Amino acid sequence: MTNLEIAELLRRVAAAYQILGENRFRIIAYERAADSIEHLTSELKDYWDDKKLQEIPGVGETLAGHLDELFRTGHSKHFDSVMKKLPQAVFPLLLVPGLGPKKAYKLVTEFKFKSEKTAISDLEKAAKAHKIAPLEGFGEKSEADILANIAIFRRGQIKENRMALPIADGIAQDIIAFLKKTGAEKIDVLGSLRRCVSTIGDIDIAASTNDPKKVIAHFLTYPHQEIIEEGPTGASLRLHNGRQVDLRVQKPELYGAMLQYFTGSKNHNIALRSFALSKGLSLNEYGMKHVATGKVDTFKTEEAFYHALGLPYIPPELREDKGEITKNLPKLVELRDIKGDLHIHTDYDLKPSHDLGVHSFGEILHKAKELGYEYIGISDHNPSINNHTEKQIVEIMKRRKEYYQKHHTSSVQYVLLCEVDILTDGKLALPEAAFEYVDGIIASIHSSFTQDRTTVTKRIITALESNPKVRILGHPTGRLFSKREGIDADWPEIFDVCKKQDIALEINAYPDRLDLPDVLVYDAVKKGLKCVINTDAHAVGHMDLMRYGVSVARRGWATKRDIVNTMDYNDFKKWLMKGV
DNA sequence: GCCGTTTTCGGCCCGACTGTTTTCAGTCG
């Protein structure tokens, strides 16, 4: 089951509890757990595999027990028994905007809808026959709204999935540049985009201005398909690509509280408001109220807002209710700490089994210089093993080394790496004799992503232990947001091996990957492992994507010391060549 | 049902919006 499916299941149980008149805090607990699970950046099943369900905010002993049963047997007797107390037709109606448990239950019992499958079309028929308006608590308007919202629901069904962070950021940056022409004092992204979550739903943008009318009017001239909403404090557009963009404007005096409030996460804000209450302060999107006196403080900046609570500024990437309010905060790694990009493909053709880059070594070096790097790593794929003999491969690798030596004309240093496939049995797709022609190996999985946990774990460990020149585990989970889930591996076991061999885990910044995922970075960093942030560039333009890898590292609480490519060239080279 | 900078028991975030209502319940984020 996917995270979204499990979140929906918990919401159904919560809805059932609500109709049954259960304790309202129990209902809130289920809804909160559902929200947490929906917004996880890893599969819930992985948490279960690693026996870490209770680390999820809002999941305690009881829910962890029910979820455990769900994963083991495919069902939870408790969830089933709660939901069985209601007519099943209630549940699909909950997916229609504007219908919650109470209204859905009323409609289903009034009209005696029986089938879960036809509930929505049954409701549509009832609305068209004007049978809803006469019901107590409903009226003409709500009958019309139900029809409109059923249509929205049906459109939503075919809505595209969430988009990868760099895609969303690209759209947002374009709009921000557009809005800057209005002279707004400050413009920021909000929500999951500001927290740099790996996948984004809608794009939210905030502007600070004393002339909200002007900013909103200009926003509405941004190329769009449809205006969804327009009001005095903001507006929403649907773009031609189907994406929704919300703008919120606020006066500069109130901007700090607004920015904080709409950046979330929801769980962070709930925890923060609880914390504030313990100090006699009540928080909302406009400021901070002293409960005893009723006095309200306002804030121009988020920094001032957090400081007024006696807290340090909490970077958006940490706002996930993972202890950021009570624990000492790490000094997070920053883009400017990065001194080199080590996973770059050039157009040098060594007859690999995967794709080449499109730019030359010279063009890559030039770009690296522009980015202020001290060094880069050239990491072409290994020569195809099906089309060559071992001897031919060794010869190719030897010529390759000579090629790069000959063409290196830059003050930017380079190390000669190779991205080598981890074959299905854990052997590396590069003959032992070719290793002398590289400085180090990035070992990566590019096939058989669905092997079972034991097999794939052993496969990776075999590869990592096969040669001291293996220094980096490339895009470790192999996930691609738009195409496939990652491998199902025993990460604690793999991390132990990386730790022992001082092998770095790659945080691959490629938009569709962002792999290692942030939650695993968090675990790795806690264990004292090293990571390396790479772009996996196949073109010079990709080298600009480094910042998204950095954001993943930051969401994993990584500091500069946790990232090997923040070292200067000499220290890095020493780390790379260690054990050889 | 969760959770701990008052607490392992006894609390539990905050406000906007809407429609159907004369003060509020339900829904949403």
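None of the values given here were measured: they were computed from a predicted structure.
Between B/dC3 and B/dC13, the distance separating the two P atoms is 12 Å to the nearest Å. B/dT5 and B/dG11 have their C1' atoms separated by 16 Å, with the value rounded to a whole Å. Comparing B/dG15 with B/dG10, their P atoms sit 27 Å apart, to the nearest whole Å. The separation of B/dC12 from B/dT7, taken at their C1' atoms, amounts to 12 Å, rounded to a whole angstrom. Across the P atoms, B/dG29 and B/dT23 are found 29 Å apart, a figure rounded to whole Å. Separating the C1' atom of B/dC2 from that of B/dT8 is a span of 12 Å, rounded to the nearest Å. A gap of 15 Å separates the P atoms of B/dC14 and B/dT6, to the nearest Å.
Using cut-offs of 30° and 60° on the angle between ring planes, the pair A/H78 and A/H66 is parallel.
Among the heavy atoms of the strands, none lies under 4.0 Å from A/N269. If you check every strand for non-hydrogen atoms under 4.0 Å, A/Y261 touches a base. Looking at heavy-atom distances under 4.0 Å, A/L99 makes contact with sugar-phosphate atoms alone, never a base. Contacts of A/E140 with the nucleic acid, taken as non-hydrogen atoms under 4.0 Å apart, involve only primed sugar atoms and P, OP1 or OP2. In this structure, A/H268 reaches neither bases nor backbone, as no heavy-atom distance under 4.0 Å exists between it and the strands shown.
Residue A/K266 places its side chain closer to B/dC13 than to any other of B/dC14, B/dC13, B/dG26. Of the candidates B/dG1, B/dG29, B/dC14, B/dG1 carries the atom nearest the A/R26 side chain, counting heavy atoms from C-beta on. Of all nucleotides listed (B/dG19, B/dC14, B/dG26), B/dC14 comes nearest to the side chain of A/R273.
When only modelled atom types and interatomic distance are considered, A/Y105 and A/Q18 share no side-chain donor-acceptor pair under 3.5 Å. For the residue pair A/D145 / A/S142, no side-chain donor-acceptor distance below 3.5 Å is found, with atom types taken as modelled. In the model, A/S265 has no side-chain atom that pairs as donor or acceptor with a side-chain atom of A/D321 under 3.5 Å.
Atoms CD and OH, on A/E55 and A/Y522 in that order, are 7.5 Å from each other to the nearest 0.5 Å. Rounded to the nearest 0.5 angstrom, A/F219 CZ and A/H224 NE2 are separated by 9.0 Å.
One atom, OH of A/Y30, and another, C1' of B/dC2, lie 12 Å apart when rounded to the nearest Å. Summarising the geometry, the separation between OH on A/Y105 and P on B/dT27 is reported as 14 Å, rounded to the nearest angstrom. Counting to the nearest Å, the P atom of B/dT21 and the NZ atom of A/K141 are 15 Å from each other. Separating the CE atom of A/M258 from the P atom of B/dG15 is a distance of 17 Å, rounded to the nearest angstrom. Between the CZ atom of A/R32 and the P atom of B/dC28 there is a distance of 20 Å, given to the nearest Å. One interatomic measurement links the two molecules: CD1 of A/I56 to C1' of B/dC3, which rounds to 16 Å at whole-angstrom precision. Nucleotide B/dT18 holds its C1' atom 17 Å from the CD atom of A/E143, rounded to whole Å. The separation between A/D145 atom CG and B/dT20 atom P is 8 Å, rounded to whole Å.
Checking A/L63 against A/G100, the closest nucleotide of DNA chain B that is more toward the 5' end is the one next to A/L63. When each of A/L281 and A/T233 is assigned the nucleotide of DNA chain B with its nearest heavy atom, A/L281 is the one assigned upstream, toward the 5' end.
When side chains are defined from C-beta on, A/L272 counts as touching A/Q260, because their heavy atoms get closer than 4.5 Å.
Note that A/K527 lies outside the cation-pi zone of A/W491, set by a 6.0 Å cut-off to the ring centre and a 45° limit from the axis.
Of all nucleotides present, only B/dG10 satisfies the Watson-Crick or G-U wobble test against B/dC3, with each distance under 3.5 Å.
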Quick one: do A/Q244 and A/R238 satisfy side-chain contact (heavy atoms from CB on, under 4.5 Å)? Show the steps, please. CA-CA 4 Å; A/Q244 181 171 338; A/R238 186 170 330 277; 4.2 Å; yes
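Salt-bridge annotation for A/E320 and A/R555: present, with a side-chain N of the basic residue lying under 4.0 Å from a carboxylate O of the acidic one.
The stretch residues 283-311 of chain A touches DNA chain B through A/L283, A/N284, A/Y286, each having a heavy atom within less than 4.0 Å of the strand.
Put simply, A/S142 has a side-chain N or O that comes within less than 4.0 Å of OP1 or OP2 on B/dT20.
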If you restrict it to nitrogen or oxygen atoms, what contacts under 3.5 Å exist between nucleotides 4-12 of chain B and the protein, and what is each distance?
| from | atom 1 | to | atom 2 | distance (Å) |
| --- | --- | --- | --- | --- |
| B/dT6 | OP1 | A/S278 | OG | 3.1 |

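In terms of modelled atom types and a separation under 3.5 Å, the side chain of A/E185 and the main chain of A/G183 share no donor-acceptor contact.
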